[in-house]
Protein chains: 2
Amino acid sequence: MAAKRSGARGKRSERISESLQPTQEPRSEPPLSLERIVATAVELLDAQGVDGLTMRRLAERLGSSPMSLYWHVDNKEEVFDLALDSVLEYPGPPQIAESRDWRGAVVHMLEDWRASMLRHPWSASLLPRRALGPNILSRLELLSKTLSKAGVADADLNVAIWSLWNYVMGATITRGSVDLSDDDRVAAQQRLTRLSERYPTIERSRLLLDNDWDGTFRKGLDFLLDGLARDNEHSSIPGR
Amino acid sequence: MAAKRSGARGKRSERISESLQPTQEPRSEPPLSLERIVATAVELLDAQGVDGLTMRRLAERLGSSPMSLYWHVDNKEEVFDLALDSVLEYPGPPQIAESRDWRGAVVHMLEDWRASMLRHPWSASLLPRRALGPNILSRLELLSKTLSKAGVADADLNVAIWSLWNYVMGATITRGSVDLSDDDRVAAQQRLTRLSERYPTIERSRLLLDNDWDGTFRKGLDFLLDGLARDNEHSSIPGR
DNA sequence: ACCTGAACACCGTTCAAGT
DNA sequence: ACCTGAACACCGTTCAAGT
């Protein structure tokens with residue numbers, strides 16, 4: 001159902017030779033399949049971004065006619081859905097150690113979540129518009145289970161899950177939209193400096209230049225988990 | 001620079017009469033201007049969503065040729081940028097009471113932020129791909145100033161701001177993507193129930209049916225603020 | 001200074017047809 | 001069961017031209 005990670009293999013050099021001799025090498029492509037379509041869509045998205053994914057370009061990359069895709073897939077929307085979910089496959093659920101360190105486990109899960117999306121920057125901008133696929137649901141399930149075992153009361157569970165989810169999504173999306181190239185960022189900060197009467201505080205704190213995203217993510221997550229843990233102490237089983 | 005809130009006025013009936021007598025009533029349109037373009041773009045986005053905004057349709061609504069727009073605007077991207085920022089205008093900065101209740105002030109700002117975006121659902125899905133406009137920067141500035149006055153040390157300021165921003169963005173975007181129509185949500189939960197061996201925990205907590213988004217947003221925000229306040233107690237001035 | 005029509009190089013998708 | 005080409009109704013944007 002979900003595409004495996006075959007997408008990354010030798011993309012760079014392939015693209016060069018492609019652009020030099022555009023429509024050559026029919027090299028007996030393997031037959032079309034949903035897996036190949038999704039994997040190639042991810043490749044294309046990685047290379048060209050959201051606007052770069054075109055049914056026609058996708059077909060070309062697959063060595064088939066654009067119309068062939070429509071036998072395997074209802075429409076372009078479905079390609080987006082499948083590509084997004086395929087990128088969010090989670091390798092880790094049936095872990096060995098049911099470590100009693102729930103907080104460490106949660107942090108690990110969420111950092112992996114974020115890392116998966118950052119590996120494919122288009123995924124963050126796509127997610128707001130797409131449905132929740134099976135891999136996303138699996139991650140939510142695992143997160144739920146971990147929190148539940150940690151003693152979070154059922155009544156608080158959904159709030160906890162959505163809070164963490166919101167934070168991860170927001171952090172990932174923000175990084176994609178704020179983390180411009182170095183040049184852009186410097187230009188943005190300079191523009192801010194020019195307008196420093198209007199934005200004195202964020203100019204002074206160099207908000208747009210602060211690019212320790214990983215550290216910031218981790219610290220903010222700790223704040224949130226502090227709040228969660230504290231609430232948990234008050235209202236239910238105090239630990240294990 | 002930013003469009004005022006003229007967008008909402010009588011849109012519904014306007015659309016009906018439009019679709020009945022498509023290309024009539026030249027009614028001496030006012031001349032094109034950036035303001036009118038942006039306001040009409042917001043109208044169109046509200047009515048038809050992100051994919052509904054087309055340079056050609058926008059021009060039609062404005063009673064002009066598609067090409068006229070390009071005198072006022074570089075390209076479609078710029079229309080998106082301007083429409084997004086115009087929707088995030090913040091009315092409240094020079095408040096009367098410099099209330100010493102920093103936490104209440106922060107909550108109010110963030111709830112308004114979220115509400116502004118929810119009023120225009122396309123804004124959440126647009127933001128990940130767009131630059132930060134002046135109105136967004138104003139909101140960040142005000143948030144910074146409030147936290148700074150509340151005693152957050154300069155070194156912690158950026159982490160605090162990004163944490164809150166991330167949370168608001170994530171919550172807003174999530175609501176847009178998860179909060180389907182009632183029918184869809186029930187269908188999703190049923191699908192989950194059918195697969196309850198695979199997702200037992202989130203099926204049991206009815207994660208996808210829990211639609212008290214406002215309450216959940218507020219509670220999660222409180223967790224985050226608890227964490228921030230606690231950290232603040234430890235590291236710097238303890239209050240005021 | 002402001003607006004326009006014709007034209008170009010693209011899109012997603014339907015349909016009727018091929019094997 | 002799987003794939004295809006021609007065609008339709010759109011796109012954003014360039015360009016040369018109008019007032």
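Below, chain A is the first sequence line, B the second, and so on; all start at residue 1.
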Exercise. Does R114(A) pair with D214(A) as a salt bridge, N-O distance under 4.0 Å?
Worked result: yes
For this session: Kindly point out which of dG12(D), dC11(C), dC3(D) is positioned nearest to the side chain of R57(A)?
Result: dC11(C)
For this session: Would you classify M67(B) as touching base, sugar-phosphate or nothing, given that sugar-phosphate means primed atoms plus P, OP1 and OP2, and contacts are heavy atoms under 4.0 Å?
Result: base
Exercise. Would one find a side-chain N or O of S64(B) under 4.0 angstrom from OP1 or OP2 of dC3(C)?
Worked result: no
For this session: Round to the nearest Å and state the distance from Y70(A) atom OH to dC11(C) atom C1'.
Result: 10 Å
Problem set entry | Pair R198(B) + E141(A), salt bridge at N-O below 4.0 Å | no
For this session: Rounded to whole angstrom, note down the C1' distance from dC10(D) over to dA9(C).
Result: 13 Å
Problem set entry | Length of the line joining Q48(B):CD and dC10(D):P, which is rounded to integer Å | 13 Å
Problem set entry | Nucleotide nearest M55(B) (side chain, heavy atoms from C-beta), chosen from dG12(D), dT13(C), dC3(D) | dG12(D)
For this session: Could you say whether R56(A) or H72(A) is positioned toward the 5' end of DNA chain D, judged by the nucleotide with the nearest heavy atom to each?
Result: H72(A)
Exercise. Donor-acceptor pair, E203(B) side chain versus Y199(B) backbone, under 3.5 Å?
Worked result: no
For this session: Searching all strands shown, indicate the nucleotide that pairs with dA6(C) (Watson-Crick or G-U wobble; both distances under 3.5 Å).
Result: dT14(D)
Exercise. How long is the line joining CD of E78(A) and P of dG12(C), in whole Å?
Worked result: 15 Å
For this session: In whole angstrom, give the distance that lies between atom CG of L32(B) and atom P of dC2(C).
Result: 10 Å
Exercise. So what does T54(A) touch, heavy atoms closer than 4.0 Å: a base, only the sugar-phosphate, or nothing?
Worked result: sugar-phosphate
Exercise. Where do H72(A) and I37(A) come nearest, in terms of heavy atoms and distance?
Worked result: CB-CD1, 3.7 Å
For this session: Take atom CD of E60(A) and atom P of dT4(D), then tell me their distance rounded to the nearest Å.
Result: 13 Å
Problem set entry | Atom-to-atom span, CG of L53(B) to C1' of dC11(C) - whole angstrom | 16 Å
Problem set entry | Distance, rounded to the nearest Å, where N75(B) contributes CG and dT14(D) contributes P | 8 Å
For this session: Using modelled atom types only, decide if a donor and an acceptor are shared between the side chain of R139(A) and the backbone of L88(A) within a distance under 3.5 Å.
Result: yes
For this session: Starting at atom CG of D51(B), determine the distance to atom P of dA9(D), rounded to an integer number of angstrom.
Result: 21 Å
